[in-house]
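Since this is a predicted model, take the numbers as computed values, not measurements.
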Amino acid sequence: MMKSLAVLFASYFCVVPAKASSSIKNLFELNSAITNATSDAGKTVGFLSQANYQSVQSVLEESSANGGSLIVKVFPSSSIVEELVKNGSLVAGLFTSCPSNQQNEFNLFGATIVAPRSSFFTIANTSSPVDSSQLREAWDAAIVRFIEAGSFKNIETQYYNSDGFDAVGAWTCGVNPNSHPFPPAGQATGLLQRVLSTRVLRVGALGPSNWGFQGNYQLTNPAGLWPDVMNRIFEQFQQAYGTDIVLTRHFHFTSADVMNDVLTGNTDLTEPYWTVPAFHNNEARTKNFDISCTVLGTESCFFTNAQVAQVAQTPSSNNDDDTFPAWAVAVIVVLGSLTLLGVLFTCFLISREKSGKPIFYTPLNERKGAVTSSVPSSVVGMTVPKASNGQTRGSIDAL
């Protein structure tokens, strides 16, 4: 009972700052919150790449760049996005898989869209020295064998158990190695011939960034889900053409720069995590590039702050002593206010008494039947000699 009274008193008389809250638990609520937000933070969603946004933009509120409310921001690190969502600087974040949520800090919900992932190549042109047709065929053969050998299943299981990563086997190529042979090395042309002669496969990549379990490319030997996918596919490529071939990554911080390198022949292909339903220079990527067999599909994951703002709460209880009707709350507030006023008035009376100016003092000469006497003010407070019989002579008390 006392605990409940204390909480009620504190909630009535005190103003307690509360942490920003979010009740956004699905895509409909997210779009509604963005539309009705009055601050930039309430309109801003964080992504790890522009392509990640483009893969889900059809289900989101229109962006500010197109006259809508949504503010799109791209960050180099998943940890940055998570922290900004927790402190209220972002209304939501989006990853290709849900972040770790062991402390239940986030509301997690799917984007309702499966985005296939694959490597991108310059469009095949047999008359060009950077013709990609045979290299793409070889890379498709490596991807099909990566899937058929069980490497995809093993990687998915590993990262589902450790980090909750849930991929979709959205294949665009039949998983049959016999249907996807490697082009013979002796007949190689275009980019494949260049790779086999230099023994280097040049791969365009974003970063170097740290995306947590999905890939830390800031390490000398990148580690994580996507580096594992790339390594297993590249191993199949090496088995066909030689283990002395090495893979080098050419990093850029924007998807556009990475893809421009592919178009100009500075790199041979992109990483296999590239999102297919996205854009390059405001055009569909598939219009200007050829793509490999898809490696996997992902339903991207939105996450919002799950922390609920509270002024004061007591643990739920089945004890009726902790349940107050509205009239009881009103009575407690009124009684508390009256008590406070009473204490303040008492303190005021005491203060006046001590200063010699009591509120309820009536002068002696105004009392009914009082005997008046002129006593010099100099006598007041003096010690008066006593008579021999022990009585005081001239004492004020004798009047």
Min side-chain heavy-atom separation [X]-[Y] under 4.5 Å:
X      : Y      : value
Pro272 : Ile143 : no
Asp268 : Arg194 : yes
Val45  : Ile34  : yes
Ile24  : Asn305 : no
Val74  : Tyr53  : no
Leu48  : Ser209 : no
Val195 : Phe237 : yes
Thr298 : Arg117 : yes

* Evaluate the ring planes of Phe109 and Phe302, with Trp represented by its six-membered ring, and classify them as parallel (under 30°), tilted (30 to 60°) or perpendicular (over 60°). =>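 Aromatic pair Phe109/Phe302 classed parallel.
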
For the [atom1] atom of [X] and the [atom2] atom of [Y], what is their distance to the nearest 0.5 Å?
X      : Y      : atom1 : atom2 : answer
Ile147 : Asn176 : CD1   : CG    : 12.0 Å
Ile233 : Ser292 : CD1   : OG    : 7.5 Å
Leu84  : Ser77  : CG    : OG    : 10.0 Å
Arg249 : Met230 : CZ    : CE    : 6.0 Å
Phe120 : Thr286 : CZ    : OG1   : 7.0 Å
Phe28  : Leu30  : CZ    : CG    : 11.0 Å

Could you see if [X] belongs to whatever hydrophobic cluster contains [Y]? Use Ile, Leu, Val, Met, Phe, Trp, Tyr and a side-chain cutoff under 4.5 Å.
X      : Y      : result
Phe152 : Val229 : yes
Val295 : Phe182 : yes
Phe279 : Leu263 : no
Phe213 : Phe75  : yes
Leu247 : Phe121 : yes

### Message
Under the rule for salt bridge (charged side-chain N to carboxylate O under 4.0 Å, His left out), what residues qualify as partners of Arg285, not counting sequence neighbours?
### Response
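Residues passing salt bridge (charged side-chain N to carboxylate O under 4.0 Å, His left out) with Arg285: none at all.
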
Expected output: side-chain [X] to main-chain [Y] donor-acceptor under 3.5 Å:
X      : Y      : result
Thr294 : Ala170 : yes
Asp131 : Asn125 : yes
Asn216 : Gln218 : yes
Asn66  : Gly68  : no
Arg136 : Leu269 : no
Arg145 : His180 : yes
Asp290 : Ala124 : yes

Can you give each donor-acceptor pair under 3.5 Å made by side-chain atoms of residues 90-100, sequence neighbours left out, with the distance rounded to 0.1 Å?
residue	atom	partner	partner atom	Å
Thr96	OG1	Gln214	OE1	2.5
Thr96	OG1	Gln214	NE2	3.0
Ser97	OG	Gln214	NE2	3.0

Pair His280-Asn260, side-chain contact (heavy atoms from CB on, under 4.5 Å): steps then yes or no:
CA-CA 9 Å; His280 179 69; Asn260 284 334; 3.1 Å; yes

Restricting to side-chain contact (heavy atoms from CB on, under 4.5 Å), what partner residues turn up for Ser64, sequence neighbours left out?
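With neighbours one apart ignored, the set is Ile71.
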
Exercise. With sequence neighbours excluded, tell me which residues meet side-chain contact (heavy atoms from CB on, under 4.5 Å) with Gln238.
Key: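 Gln238 satisfies side-chain contact (heavy atoms from CB on, under 4.5 Å) with Phe234, Glu235, Thr243 once adjacent residues are dropped.
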
Handout entry: Ring centers of Trp274, Phe289 separated by less than 6.0 Å
Key =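 Ring centroids of Trp274 and Phe289 are no less than 6.0 Å from each other.
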
Between His250 and Asn266: side-chain donor-acceptor atoms closer than 3.5 Å: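 His250 vs Asn266: no donor-acceptor pair found between side chains.
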
Practice problem: Kindly determine whether Leu201 and Tyr241 satisfy side-chain contact (heavy atoms from CB on, under 4.5 Å), including the steps that lead there. | Solution: CA-CA 11 Å; Leu201 181 68; Tyr241 296 114; over 6 Å; no

If I compare all heavy atoms of [X] with all of [Y], which pair ends up nearest, and what's the gap?
X      : Y      : answer
Leu196 : Ala188 : CD1-CB, 3.9 Å
Pro277 : Ala115 : CG-CB, 4.3 Å
Arg199 : Gly242 : NH2-CA, 3.9 Å
Ser300 : Val56  : CB-CG1, 4.2 Å
Cys301 : Leu108 : SG-CB, 4.2 Å
Ile113 : Val59  : CD1-CG1, 3.4 Å

Which pairs, with at least one residue in residues 28-49 and sequence neighbours excluded, count as a side-chain hydrogen bond (donor to acceptor under 3.5 Å, both in side chains)?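 As it turns out, the side-chain hydrogen bond (donor to acceptor under 3.5 Å, both in side chains) pairs with a partner in residues 28-49, which skip direct neighbours, are Ser32-Asn36, Thr35-Glu61, Ser49-Asn52.
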
Salt bridge present between Glu156 and Lys153 (N-O < 4.0 angstrom):
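No, this pair does not count.
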
Item to check | side-chain contact (heavy atoms from CB on, under 4.5 Å) evaluation trace for Ile291 with Thr172 | outcome: CA-CA 10 Å; Ile291 63 172; Thr172 54; 6.0 Å; no

Identify, with sequence neighbours excluded, every residue that meets ring-ring contact (aromatic ring centres under 6.0 Å, His included) alongside Tyr159.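 Listed in chain order: nothing, the list is empty.
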
>> Please determine whether the number of non-hydrogen atoms from other residues, nucleotides or ligands lying under 6.0 Å from atom CG of Asn221 exceeds 12.
In response: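 Atom CG in Asn221 is not packed in, count stays at 12 or less.
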
Considering the options Tyr273, Trp226, Phe165, which one meets the ring-ring contact (aromatic ring centres under 6.0 Å, His included) requirement together with Trp211?
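When Tyr273, Trp226, Phe165 are each tested with Trp211, the ring-ring contact (aromatic ring centres under 6.0 Å, His included) holds only for Tyr273.
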
Q: Assess whether side-chain contact (heavy atoms from CB on, under 4.5 Å) is satisfied between Gln54 and Thr275, documenting all intermediate values.
A: CA-CA 9 Å; Gln54 292 170 347; Thr275 305; over 6 Å; no

